[in-house]
Protein chains: 2
Amino acid sequence: MPAISHTPPPTPPLAAVETVDTSFLETLMGYNARRASLTIVEHFMRRMAVYELRIVDFSVLSLISRNPGITSRQLCGTLGVLPPNLVAIIGALEKRELIERLPHPSDRRATGLHLSPAGQALVAQAEVTAAELEEEATARLTATERKTLMRLLQKIYR
Amino acid sequence: MPAISHTPPPTPPLAAVETVDTSFLETLMGYNARRASLTIVEHFMRRMAVYELRIVDFSVLSLISRNPGITSRQLCGTLGVLPPNLVAIIGALEKRELIERLPHPSDRRATGLHLSPAGQALVAQAEVTAAELEEEATARLTATERKTLMRLLQKIYR
DNA sequence: TATTGTTATACTCTATAACTATA
DNA sequence: TATAGTTATAGAGTATAACAATA
C-alpha cells in the first residue's frame with residue numbers, strides 16, 4: 001500500500017494560451033473543405049452584390065438559363081433546397097421580372113420556368129463575373145492545381 | 001430591305017426538361033467546394049449524433065483539449081463565431097460538465113477554458129470517430145489524393 | 001394513392017447594438 | 001479608450017405539417 005500524501009495535488013499551471021494550436025482540426029477534410037468553401041463564398045457575395053444576387057439566386061438563374069422550362073421541383077432536387085423555401089426565391093426573381101412562369105407542356109400541376117430577356121442579360125453578365133471571382137479566389141493555385149482540386153472535390157460528392 | 005413577315009414569331013417549343021444540365025455550375029470551384037463540404041458535414045452530423053455534438057461543439061472541445069486555458073475570444077477568432085453566439089455554446093458544454101471555467105492567470109476580464117475529465121474522455125472518443133468518418137467521406141480518394149486535396153484546400157483559405 | 005406547388009410555422013444560425021467589468 | 005464576456009434581439013437560413021390541384 002502506497003503512502004498517502006496529505007499535501008493537496010499541485011495546482012494546474014493555468015498558463016495563458018499564446019497562439020492557438022489548430023493543427024488537429026487542419027488534419028480533417030471537413031474543416032479544410034468548409035474553410036475553403038467559406039472563403040470562396042465571401043468572394044462570391046462581394047462580387048455578386050452589384051447584381052443583388054445571392055448564391056442561390058445565381059444558381060437558380062444559371063440553371064434556368066441552361067434548362068429552359070425547368071420546374072421548381074427539379075430546381076429543388078438539383079440545389080438541395082426544400083420546396084417551401086424555393087417559393088420565395090422564385091417569387092422574388094419573378095417580381096424583378098428576371099424569370100417568367102409558363103405552363104408546363106404535359107403536367108398541369110407544374111409550371112415551366114424561363115428567363116426574361118432582362119434575366120438572360122443579367123445571368124450572362126453574372127456568369128462572367130462568377131468566372132472572374134473564381135480566378136480571384138483561387139489565385140494561389142496554378143491552372144493544373146485548379147483542375148486537380150475540382151476533380152478531387154467531385155470525387156467526394158458525386 | 002428584307003421583306004417583313006406578318007406572321008407572329010414561332011411559339012417557343014416549351015419542351016419539358018428531361019435531365020437537368022448542371023455542367024456550368026460544375027465548372028465553378030465554389031459550387032464543387034460547397035457540395036463536397038456538405039457531403040462531409042452530413043457524415044459528420046450522423047456520426048457525431050451519438051455524442052450529441054454539433055460540428056461547432058466538437059471544434060470547441062477539440063481546441064480546448066489542445067489549448068487548455070484558451071479564452072472565448074480566442075475560440076471566436078479561430079472558428080469564425082461571433083462572441084454573442086459562443087456564449088450559449090460554452091454555456092451548454094459547461095452545463096453538461098464537459099468543460100470548466102477557471103480564472104485567467106493575467107486578465108481578470110477573461111476566463112480560461114479547460115476540459116473536465118468527462119470532457120477529455122468524450123473528446124478522445126469523438127476525435128477517433130472524426131478520423132473514421134473522414135475516411136468514410138473520402139473513401140473514393142487514394143491516400144495521395146487525400147493529401148493533395150488537403151493541401152490545395154489550404155492554399156485557398158490560408 | 002402520389003406528386004407539384006403552396007401556406008403557415010418553428011427552429012437554427014448568424015448578425016448588431018448595448019451593457020459591465022477590467023485593461 | 002479599448003477589450004472580454006454577456007444580454008437582448010433581429011434577420012437569414014432551414015425544417016416539418018398540411019392543404020388544393022392534378023397525375
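The chains referred to below are lettered A, B, ... by the order of the sequence lines, with proteins before strands, and numbering in each begins at 1. Note that the structure is a prediction, hence the values are computed from the model and not measured.
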Hydrophobic cluster of B:Leu38, others only, ordered by chain and residue number, side-chain cut-off 4.5 Å: none

Which residues pass the side-chain contact (heavy atoms from CB on, under 4.5 Å) test with B:Lys155, sequence neighbours left out? A:Leu141, A:Glu145, B:Arg151, B:Leu152

Could you run down the sub-3.5 Å N/O contacts of the protein with nucleotides 2-9 of chain C?
| residue | atom | partner | partner atom | Å |
| --- | --- | --- | --- | --- |
| C:dT3 | O4' | A:Arg109 | NH1 | 3.3 |
| C:dT3 | O2 | A:Arg109 | NH1 | 2.7 |
| C:dT4 | OP2 | A:Arg73 | NE | 2.9 |
| C:dG5 | OP1 | A:Thr111 | N | 3.4 |
| C:dG5 | OP2 | A:Arg73 | N | 2.6 |
| C:dT6 | OP1 | A:Arg101 | NH1 | 2.8 |

Restricting to salt bridge (charged side-chain N to carboxylate O under 4.0 Å, His left out), what partner residues turn up for A:Arg158, sequence neighbours left out? B:Glu26

Under the side chain to side chain donor-acceptor pair (under 3.5 Å) rule, what pairs show up with a residue in residues 109-118 of chain A, not counting sequence neighbours? A:Asp107-A:Arg109

For the student: nearest non-hydrogen atoms of B:Val20 and A:Gln74, plus distance: CG2-CB, 4.0 Å

Could you tell me how far apart A:Met45 (CE) and C:dT14 (C1') are, to the nearest whole angstrom? 11 Å

Distance, rounded to the nearest Å, where B:Ile99 contributes CD1 and D:dG5 contributes C1': 14 Å

Could you give the CG-to-P distance, from B:Leu86 to D:dT3, as a whole number of Å? 19 Å

I need the residues from residues 51-62 of chain B with at least one non-hydrogen atom less than 4.0 Å from DNA chain C; give them sorted by number, or say none. B:Arg54

Provide the full list of salt bridge (Lys or Arg N to Asp or Glu O under 4.0 Å) pairs with a residue in residues 116-127 of chain B, sequence neighbours left out, each pair given once. B:Arg66-B:Glu127

Donor-acceptor contacts under 3.5 Å from residues 84-98 of chain B side chains, at least two apart:
| residue | atom | partner | partner atom | Å |
| --- | --- | --- | --- | --- |
| B:Glu94 | OE1 | B:Arg101 | NE | 3.0 |
| B:Glu94 | OE1 | B:Arg101 | NH2 | 3.1 |
| B:Glu94 | OE2 | B:Arg101 | NE | 3.3 |
| B:Arg96 | NH1 | B:Glu52 | O | 2.8 |
| B:Arg96 | NH2 | B:Tyr51 | O | 2.9 |

How close or far is atom C1' of D:dT14 from atom CD of B:Glu42, stated in whole angstroms? 14 Å

Starting from C1' on C:dT12, measure out to CG on A:Leu82 and report it in whole angstrom. 14 Å

Residues passing the side chain to side chain donor-acceptor pair (under 3.5 Å) test with B:Thr138, sequence neighbours excluded, are B:Arg146

Can you measure B:Leu79 atom CG to C:dC13 atom P for me and round it to whole angstrom units? 14 Å

